[in-house]
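Down below is the structure, laid out as structure tokens.
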Protein chains: 2
Amino acid sequence: MMREIHDHEMLIRFIKENNIAFSEELLPHLHLYRFDQGDLICSQGDPADMLYVLVKGKVKVFTTSPEGRTLILSFKKPLEVIGDIEYVRGTETMNTVEAVSRVEMIGVHHRWLKKYAAADPAFLEFLLHIITNKFYVKSNSMQFNLLYPVEVRLASYLLSVSYDSSSNVLKKQHSSASLRDAANLIGTSYRHMNRVLQQFCANGFIERVSGGIMVIDRAGLTAIAGNNIYE
Amino acid sequence: MMREIHDHEMLIRFIKENNIAFSEELLPHLHLYRFDQGDLICSQGDPADMLYVLVKGKVKVFTTSPEGRTLILSFKKPLEVIGDIEYVRGTETMNTVEAVSRVEMIGVHHRWLKKYAAADPAFLEFLLHIITNKFYVKSNSMQFNLLYPVEVRLASYLLSVSYDSSSNVLKKQHSSASLRDAANLIGTSYRHMNRVLQQFCANGFIERVSGGIMVIDRAGLTAIAGNNIYE
DNA sequence: TATGTTTGAGGACATATGTCCTTTCCTAAA
DNA sequence: TTTAGGAAAGGACATATGTCCTCAAACATA
């Protein structure tokens, strides 16, 4: 479960190390939070009132379509900002964000940003850089998705989720996502994902273990994935 | 061909009407340009040194993959900024932008922006809003592309390109794009596009005329396209 | 006009992916 | 232990899309 870490020194260190453009006045209003694997940082459709800076760990961002299909959008590692678009546009949360590993984030309420950062060129420029970068990454991933088949996307996905797992095993109870969900995440049917997994098994890239998948040849998968979009 | 319009009053009027956050010092360095249908505003890979504000007409943005496939990214109408991402990131031009109709744009060299606008909160915020909005649109179109078949995307495309043409005809010599290119633009093969066009003909949505396509039932296409991404 | 060349439409087939259903296996409650 | 329920794997078939090729219309040129 999410909880606050009361360690202001560590918080300040994070800000210094990452050159985060929070002005002096904001410092008293910053909080450091820890999320466990599987925790939701925010959910699509919820009102957005916090902006988070991811400083440690890994999250995945996904959306759910009106028809109920789930689509993975990206995995994010530090340094990344969550909720920036919503802050600027003043809209509700666009996508759901879930912790893939244990995660630490600096959180600040919109109220204080509006009060102390809305006219701060350093902060605005910080946001601009983060968002343009995000735009660039999304652009790439869009082309990736349109240009490459499921095989490639799945390889990419497997590499991503086996990142922080000591055992390289994708377990079925992995976070809230069963293997079934994994299919939705890469934008294909469960059936088809299974076909491709079968093929990966045949090639010796992975092995099926009870209730999950074990990656045994990262190099092989990497060769298929090319420039991984989910990283 | 692109040419400058020496009408400072009109330029100022555009800025006022659209609430573009150009500061006083920038005004002497702004230029108003006109592009004819088919003109390229910028080309993928070129060094970027101008930022443009689209104030009139319509452009299409597309990218070319390493394998040579062309992929349409979006159509843009006023008010829109071209080259904003490149300005912020300091990178070369990401995508190619082509005028779909006669187009008018305000252009300003990066040099002056850096000098007079880099620390101007109003301008930074203006950019932030433009870019976050762009991000949102791209997000949507990505999901659109992943979630819907060629049929839907093609209907969407036909509606877009027939927008400014008095005759509702997509001519083969339309800008630099032959019908052949149109297929690449929506991310499918020429062959498959033809299949879907055949189907549209059978349904009475369009008609083949010499060297092109004529839209005769916009409502029918709209029903298929749903929420048009290319608009 | 005759002839060669280019371009577009469409046929035939292959591959990618989706849907539905069946079988197998695991788990939990009786 | 037995059994009902559910999850996972995979078979069978349908649909979407891609590739290659052929034919015909259009167009240019002699």
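Fair warning: this is a prediction, and the values are worked out from it, not measured in the lab. Labels below follow one simple rule: chain letters A, B, ... track the order of the sequence lines, proteins then strands, and each chain is numbered from 1.
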- Do any side-chain nitrogens or oxygens of S189(A) fall under 4.0 Å of OP1 or OP2 in dT19(C)? no

- Task: Ignoring backbone atoms, test whether R195(B) places a side-chain nitrogen or oxygen under 4.0 Å from the OP1 or OP2 oxygen of dT17(D).
- Result: no

- Task: Ignoring the backbone of R191(B), work out which of dG11(C), dC20(C), dA16(D) is nearest its side chain.
- Result: dG11(C)

- Item | Euclidean distance, atom NE2 of residue H192(B) to atom C1' of dA16(D) [Å, nearest integer] | 6 Å

- Message: Can you measure Q198(B) atom CD to dG10(C) atom P for me and round it to whole angstrom units?
- Response: 4 Å

- Query: Does a side-chain N or O from Y190(A) land closer than 4.0 Å to OP1 or OP2 of dA8(D), or not?
  - Reply: no

- How close or far is atom C1' of dA16(D) from atom CG of N194(B), stated in whole angstroms? 16 Å

- Query: Picking from dG11(D), dG18(C), dT17(D), which would you name as closest to the side chain of R153(B)?
  - Reply: dT17(D)

- Note on the structure: E151(B) atom CD is separated from dT17(D) atom C1', nearest whole Å, by 13 Å

- Is a salt bridge present between D84(A) and K134(A), judged by a nitrogen-to-oxygen distance below 4.0 Å? yes

- From CE of M193(A) across to P of dA8(D) the rounded distance in Å is 9 Å

- Separation of dA9(D) C1' from Q199(A) CD (nearest whole Å): 16 Å

- Query: Is any side-chain N or O of R208(A) closer than 4.0 Å to OP1 or OP2 of dG10(D)?
  - Reply: yes

- Item | Passing option when L154(A) is tested against L221(A), I224(A), V196(A), L159(A) for side chain to side chain contact (heavy atoms under 4.5 Å, CB included) | V196(A)

- Are I131(A) and I85(A) side-chain neighbours, meaning at least one heavy-atom pair lies under 4.5 Å? yes

- Query: Are a donor atom and an acceptor atom from the side chains of K138(A) and S139(B) found within less than 3.5 Å of each other?
  - Reply: yes

